[in-house]
Amino acid sequence: MKIDKICVMGLGYIGLPTASTFAAHGLEVVGVDVNQQIIATLRNGDVHIQEPGLRTIVEAALKSGKLRVSTKPEEADAFIIAVPTPFYEDSFGEHAGARFKLADMRAVTAATEAIVPVLRKGNLVVLESTSPPRTTIDLVAPILERSGLRAGADFLLAYSPERVLPGQILRELIENARVIGGLTPESAQAGRDLYAIFVKGEIVTTDATTAEMVKIMENTYRDVNIAIANEFARLADRFGVDIWEAIAIANLHPRVKILHPGPGVGGHCISVDPWFFVEAAPDLTTLIAAARQVNDSQPHFALALIERAAGGTLAGKKVAALGLAFKEDVDDLRESPAVEIAGLLAQAGADVRAFEPNKPEAQFAGFTTAPTLEAALQDADLVVILVGHAGFKTLDPQTVAGQTPARCVVDTRRILDPAAWQAAGFETFCLGVNKEG
Ligand code: SAJ
């Protein structure tokens, strides 16, 4: 299929890099977002997302005229839907007495509906948003058919999940293998023609529902593996073992690869996607649901450690909470365990000064943020590392000792060298390491 012009629906963490990359490869791209502020920001030549290399490629795409942004789609050869699929905050499903989260498909529905008036015979529509199994067939196809055109016959429809790692999106978009699931083989082939414009990794074609399952399986696999690492950390804490040492030794086995424990699993993917399986088949997903519960409760495990470091109570303690992003070196605060822990610390009576170097201006209802590292450290009784940002890994304990009266540091990510911090006069605590155990 020959594709000269595309519309990308949704200009977030996936849509904007995808739109700009297609524009950089010579396509005429219309980037569409319902959020007027995002459109205004981009029209002013600014970028609303922090991602290495993104600003450069977006600026170049806008300047070349190959990328235009708009609140509405227009006629094109192909449409890509890359909008969020979060879950509902306040409504839950229930199976056998256990609660599970429900996918909020309103953005996918709205973006698909917006395409209907401009959909033409021969067009290709690709859904990229992570979605429950059968979404392409059961939700997207019927909406698009309101145009009077038939899916698979008059227009082509495919599902191709994004699988890029935040922090490395631009490289992974191009280099990662890509799966394209077509409603029909012709749809899959058209999807392959589209992504082959820039994808250097292998492109595998299959049917739409398989591609949907692949995406959720990948993130569920990772979630379950992080859950077991977190459970091992709790066991190590109980038995007086250093989990990091134990994992390093276990991983010497050729068939063992235990992931890192931490303060919890956040972000918009791994902490969300497994619920799509649970919602779709609660009777078949005992392990997946349990892993979610372990990871969702991990911030409380981190809180207990911080409480212990604070001498049993956090009431009135000034805590410098370093990092709020859901993981290292990103600015994304969605579903962040660090944000949850900062809130829990405040609820426990601590006077929290949280600092996120990649989003120092962020404000929260439950706790106070500091605009700089210095402001967070000043007056602190306790320093807590919540995110393993590069800038925290290289903190010099001697310098920090001069910036804060605190002499106790809690590392929930195992990024600090305890000996160096102890030499600078700090008492050190690390998640998964219980000195008194
Ligand atoms: N985490 C741990 N321990 C680990 C690894 C991660 O606690 O050993 C935590 C992180 O701190 C973070 C969360 O898990 O809070 C998720 O981080 P991540 O780096 O594992 O993954 P994401 O959410 O940034 O990106 C994932 C990736 N999926 C897989 O690796 C299978 C990415 O390739 C997907 O494109 C992305 O989800 C997505 O969009 O679905």
Side-chain angles (χ1 to χ4, degrees), residues 10 12-18 49-52 82-86 103 128-132 159-179 201 211-234 243-244 247-248 250-251 256-277 291-292 294-299 301-302 323-341 356 385-389 392 411-415 431-432:
Y13 284 89
I14 300 303
L16 187 58
T18 305
I49 292 167
Q50 196 87 24
E51 172 69 27
V83 296
T85 45
E128 280 205 20
S129 311
T130 306
S131 302
Y159 179 75
S160 182
E162 58 79 13
R163 296 144 98 199
V164 290
L165 196 70
Q168 305 194 23
I169 292 178
L170 290 167
R171 186 177 62 74
E172 290 208 357
L173 257 186
I174 292 173
E175 290 177 8
N176 283 6
R178 183 129 207 153
V179 55
E212 289 165 348
M213 261 197 83
V214 165
K215 167 68 193 198
I216 312 172
M217 277 163 54
E218 289 168 352
N219 282 350
T220 301
Y221 168 85
R222 201 151 161 88
D223 196 44
V224 171
N225 278 285
I226 299 169
I228 201 165
N230 283 335
E231 209 156 83
F232 287 155
R234 297 178 192 187
I243 193 59
W244 305 89
I247 288 176
N251 282 351
V256 174
K257 177 82 188 81
I258 301 168
L259 295 179
H260 302 306
V265 170
H268 191 55
C269 311
I270 294 188
S271 68
V272 178
D273 299 358
W275 291 117
F276 292 160
F277 275 149
R292 273 291 61 246
V294 168
N295 288 336
D296 269 356
S297 62
Q298 189 71 353
F301 176 67
L324 289 171
F326 84 91
K327 68 171 188 177
E328 66 280 5
D329 304 326
V330 300
D331 73 337
D332 193 343
L333 307 178
R334 291 177 298 179
E335 316 297 329
S336 173
V339 171
E340 185 178 346
I341 293 168
E356 173 45 62
I385 302 279
L386 294 175
V387 184
H389 288 313
F392 296 158
D411 182 1
T412 67
R413 297 281 185 173
R414 187 63 176 93
I415 59 163
L431 185 138

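When reading the values below, keep in mind they use all heavy atoms of this one structure, side chains included, and skip hydrogens, waters and symmetry mates. In this chain, numbering begins with 1 at the start of the sequence shown. The model shown is predicted, which means the values in this text are computed figures rather than measured ones. Whatever order the structure lists ligands and atoms in, that order sets their numbers, starting from 1.
- Distance from atom 20 (O) of ligand 1 to its nearest protein heavy atom, with residue and atom name: R222 NE, 2.7 Å.
- In this structure, Y159 contributes its side chain and V179 its backbone to no donor-acceptor pair below 3.5 Å.
- With atom 28 (N) of ligand 1 as the reference point, the heavy atom nearest to it among N230, I169, N219 is part of N219.
- For ligand 1, the atoms sitting less than 4.0 Å from at least one non-hydrogen atom of P166 are 24 (O), 25 (O), numbered in the order shown with element in parentheses.
- Under a 3.5 Å cut-off, the side chain of R222 and the backbone N or O of L259 do not form any donor-acceptor pair.
- Annotation: atom 24 (O) of ligand 1 to nearest protein heavy atom, K327 NZ, 2.9 Å.
- For atom 21 (O) of ligand 1, the closest non-hydrogen atom on the protein side is I270 CD1, 3.4 Å.
- Distances shorter than 4.0 angstrom occur between a heavy atom of V164 and an atom of ligand 1.
- Rounding to the nearest 0.5 Å places CG of L173 at 12.0 Å from CD of Q168.
- The main-chain N or O of I258 is found under 3.5 Å from a side-chain atom of N251 such that the two form a donor-acceptor pair.
- Nearest protein neighbour of atom 25 (O) of ligand 1, counting heavy atoms only, is L165 CD1, 3.5 Å.
- Put simply, the side chain of T412 never gets that close to the backbone of L431: no donor and acceptor are under 3.5 Å apart.
- By the 4.5 Å heavy-atom criterion applied to side chains, Y13 and R334 are counted as neighbours.
- The contact set between ligand 1 and R413, taken as ligand atoms under 4.0 Å from a residue heavy atom, comprises 11 (O).
- Considering only non-hydrogen protein atoms, atom 1 (N) of ligand 1 sits nearest to I226 CD1, 3.5 Å.
- Listed by number with element, the atoms of ligand 1 under 4.0 angstrom from any heavy atom of V265 are 13 (C), 14 (O), 15 (O).
- Put simply, CG on L170 and OG1 on T18 are 9.0 Å apart, with the number rounded to the nearest 0.5 Å.
- With rounding to the nearest 0.5 angstrom, the CZ atom of F232 is 7.5 Å from the CD1 atom of I247.
- Close contacts of ligand 1 with E218, meaning ligand atoms under 4.0 Å from a residue heavy atom, involve 31 (C).
- Counting heavy atoms under 4.0 Å from ligand 1, residue H260 touches it through both backbone and side chain.
- If you check which protein heavy atom lies closest to atom 15 (O) of ligand 1, you get F326 O, 2.7 Å.
- In I228, the CD1 atom is not crowded: 12 or fewer heavy atoms of neighbouring residues, nucleotides or ligands sit closer than 6.0 Å.
- Judged by distance alone, with hydrogens and angles left aside, the side-chain atoms of S336 form a donor-acceptor pair with the main-chain N or O of L324 at under 3.5 Å.
- Of the protein's non-hydrogen atoms, C269 CB, 3.1 Å is the one closest to atom 37 (O) of ligand 1.
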Would V339 and E356 count as a side chain to side chain contact (heavy atoms under 4.5 Å, CB included) here? Give the steps.
CA-CA 10 Å; V339 171; E356 173 45 62; over 6 Å; no

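- Ranked by closest heavy atom to atom 39 (O) of ligand 1, the top entry among E172, Q168, E162 is E162.
- The distance from ligand 1 to the heavy atoms of R163 drops below 4.0 Å at these ligand atoms: 32 (C), 33 (O), 34 (C), 35 (O).
- Heavy atoms of K215 come nearer than 4.0 angstrom to ligand 1 in at least one pair.
- G266 counts as a contact of ligand 1, since one of its heavy atoms falls under 4.0 Å from the ligand.
- Using 4.0 Å as the threshold, H268 has no heavy atom nearer than that to any atom of ligand 1.
- Separation of atoms SG (C269) and CD (E162) is listed at 5.5 Å; rounding is to 0.5 Å.
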